[in-house]
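Contents: one structure, followed by commentary.
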Amino acid sequence: MTLPHPATGDPFPSPVPPGTGWPGDPADADTPVATTAAGVRRLSRRVLLDELDARVSVCRACPRLVAWREDVAATKRASFAAEPYWGRPIPGWGAPRPRVLIVGLAPAANGGNRTGRIFTGDRSGDWLVASLHRVGLATQATSLHAADGLELVDTRMVAAVRCAPPQNKPTPQERDTCAPWLDAELALVEPWLRVAVALGRFGWDAALRAFAARGYAVPRPRPRFGHGAEALLSAPAGPGGPGRDVLLLGSYHPSQQNTFTGTLTEEMLDGVLGRAAAAARMAG
């Protein structure tokens, strides 16, 4: 059964086959598919960013996550029963040469897994994008679907785990299987990167691992996560001399639990993202 996309009206099945016209779909029917952890490692190497996004978006390396994301896409939440669901992994999205990189945990089952774009179509995305807009890092305050015209300003968003996990809890094995996608994406954007913002402890730990894998020096003792936490990650020297250091910032995740309880307020989120925007500009 096909259903109309809420923006374009084009019909799609759920999950959406690659290359069938979904807004922002980076893949096509010929995009190679990783089906194992070894496949992720192999297919994440030596590709440009657009091709990396395409390969991420068709990955099938974690059987539990594949089954979950596709089951959610088929059964649907009642409030979205008339819409098709993307039902595939979510690639990074935003500026191809970002000065700010935002690292989250994983797509939401009825957010990114439905819309096909990270932090889009759920309350976490509403909070994050509204804050990015207030600090000048997004062109509009809403993130509804992949054809809504939103653009990020010198900013890119990625998830440490690219598929929606049950109870929003990927296993350590799933985290490690997915890690090469983040490592490869970081390698492609790091020449322009000045600041990374980790949303939640999971994002903080994933960011530290990814930067360490790229040769960045992580302070000792290992920086602890907290809202407003900061750590300067010293870049390794390259052929042309020392690389650019990256400032890592921590923020509580804009989950419903955190925002409903007041653990995270708009002012708190604006404070971290505003610090990111200012630090990225000052870094030159």
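Every heavy atom of this structure was used, including side-chain atoms; hydrogens, water molecules and symmetry mates were not.
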Atom CZ of residue position Arg222 - does it have more than 12 heavy atoms of other residues, nucleotides or ligands inside 6.0 Å?
yes
Can you name the nearest heavy-atom pair linking Ala7 to His145, along with the distance?
CB-CE1, 3.3 Å
Look up atom OH in Tyr252 and atom CG in Leu269, then write down how far apart they are to the nearest 0.5 Å.
13.0 Å
Any heavy-atom pair between the side chains of Ser124 and Phe119 that's under 4.5 Å?
yes
From Asp10 atom CG to Thr20 atom OG1, the distance as rounded to the nearest 0.5 Å:
9.5 Å
Can you sort out the partners of Leu144 under side-chain contact (heavy atoms from CB on, under 4.5 Å), two or more places apart, ordered by chain and number?
Thr142, Asp148
Taking the side chain as everything from C-beta on, heavy atoms only, tell me whether Arg88 gets closer than 4.5 Å to Val58.
yes
Please check: side-chain N/O of Thr120 versus main-chain N/O of Thr115, any donor-acceptor pairing under 3.5 Å?
no
Hey, does Ser44 have a side-chain heavy atom less than 4.5 Å from the side chain of Leu52?
yes
Heavy-atom pair of closest approach, residues Ala206 and Leu182:
O-CD2, 4.0 Å
Does Arg117 reach the side chain of Leu150, with side-chain heavy atoms less than 4.5 Å apart?
yes
Taking all non-hydrogen atoms of both residues into account, name the closest pair between Tyr85 and Val16 and its distance.
O-CG2, 3.5 Å
Treating Ser14 as the side-chain partner and Ala74 as the backbone partner, does any N or O pair qualify as donor plus acceptor under 3.5 Å?
no
Say whether, by atom type as modelled, one donor and one acceptor occur between the side chain of Arg69 and the main chain of Asn113 under 3.5 angstrom.
no
For the pair Trp204 (side chain) and Pro223 (backbone), establish whether a donor and an acceptor sit closer than 3.5 Å, ignoring hydrogens and angles.
yes
Report the C-alpha distance between Thr139 and Val153 in whole Å, list the side-chain angles of each, state the deciding distance to 0.1 Å, and finish with yes or no for side-chain contact (heavy atoms from CB on, under 4.5 Å).
CA-CA 7 Å; Thr139 59; Val153 179; 4.1 Å; yes
Closest non-hydrogen atoms of Arg224 and Ala229, given as atom of the first, atom of the second and distance, are O-CB, 3.7 Å
In the single-linkage hydrophobic clustering (I, L, V, M, F, W, Y; side-chain heavy atoms under 4.5 Å), do Val197 and Ile90 co-cluster?
yes
Is the closest side-chain heavy-atom distance between Val66 and Cys163 below 4.5 Å?
no
Please name the pair of heavy atoms, one in Lys76 and one in Pro84, separated by the smallest distance, quoted to 0.1 Å.
CE-CA, 4.5 Å
For atom CD of Gln173, decide whether the heavy atoms of other residues, nucleotides or ligands shown that lie under 6.0 angstrom number more than 12.
no
Intermediate values then yes/no, side-chain contact (heavy atoms from CB on, under 4.5 Å), Ile118 and Ile102
CA-CA 11 Å; Ile118 187 171; Ile102 297 174; over 6 Å; no
Taking atom CZ of Arg201 as the centre, report whether more than 12 heavy atoms of other residues, nucleotides or ligands fall under 6.0 Å from it.
no
Hey, what do you get for CG (Leu65) to OG1 (Thr171), rounding to the nearest 0.5 Å?
7.0 Å
Minimal non-hydrogen separation, Ser143 against Asp126, with atom names:
O-OD1, 4.3 Å
Between CG of Asn110 and CZ of Arg123, what distance do you get to the nearest 0.5 Å?
14.5 Å
Pro91 vs Pro26 side-chain heavy atoms within contact, under 4.5 Å:
yes
In one Ile/Leu/Val/Met/Phe/Trp/Tyr side-chain cluster, 4.5 Å: Leu49, Leu101
no
Could you tell me whether the side chain of Arg162 reaches within less than 4.5 Å of the side chain of Cys59, counting heavy atoms only?
no
Within the distance-only criterion (no hydrogens, no angle test), does the side chain of Thr155 pair as donor or acceptor with the backbone N or O of Leu152 below 3.5 angstrom?
no
Does Asn258 reach the main-chain N or O of His253 with its side chain, forming a donor-acceptor pair under 3.5 Å?
yes
So, do Met157 and Leu132 sit near enough that their side-chain heavy atoms are less than 4.5 Å apart?
yes
Co-members of the apolar cluster containing Leu48 [side chain, <4.5 Å]
none
Taking Ala235's backbone N and O only, do any of them form a donor-acceptor pair with Arg244's side chain (distance below 3.5 Å, no angle check)?
no
Check step by step if side-chain contact (heavy atoms from CB on, under 4.5 Å) holds for Leu233 and Leu208.
CA-CA 9 Å; Leu233 308 179; Leu208 286 175; 4.0 Å; yes
Tell me whether Leu248 is reachable from Leu105 by hopping between hydrophobic residues (I, L, V, M, F, W, Y) whose side-chain heavy atoms are closer than 4.5 Å.
no
Does any N or O in the side chain of Arg156 come within less than 3.5 Å of the main-chain N or O of Pro98, such that one atom is a donor and the other an acceptor?
no
Criterion side-chain contact (heavy atoms from CB on, under 4.5 Å) on Asp183 and Arg214, from CA distance to verdict:
CA-CA 7 Å; Asp183 295 344; Arg214 290 294 305 155; 5.6 Å; no
Has the side chain of Ser57 got a donor or acceptor atom that lies under 3.5 Å from a matching backbone atom of Ala54?
yes
Trp127 with Val158, same ILVMFWY side-chain cluster at under 4.5 Å
yes
Hey, what's the ring geometry for Trp22 with Trp86, parallel, tilted or perpendicular (30° and 60° as the breaks)?
tilted
List for me each residue that meets side-chain contact (heavy atoms from CB on, under 4.5 Å) alongside Thr265, sequence neighbours excluded, and say none if there are none.
Glu267, Met268
Counting only N and O atoms by type, is there a donor-acceptor contact under 3.5 Å from the side chain of Arg114 to the main-chain atoms of Gly121?
yes
When rounded to the nearest 0.5 Å, the distance separating OG1 of Thr177 from CZ of Arg41 is 8.0 Å
Leu264 side, atom CG; Ser255 side, atom OG - distance, nearest 0.5 Å:
8.0 Å
Between Tyr216 and Phe225, is there shared hydrophobic-cluster membership here, with clusters defined by ILVMFWY side-chain heavy atoms closer than 4.5 Å?
yes
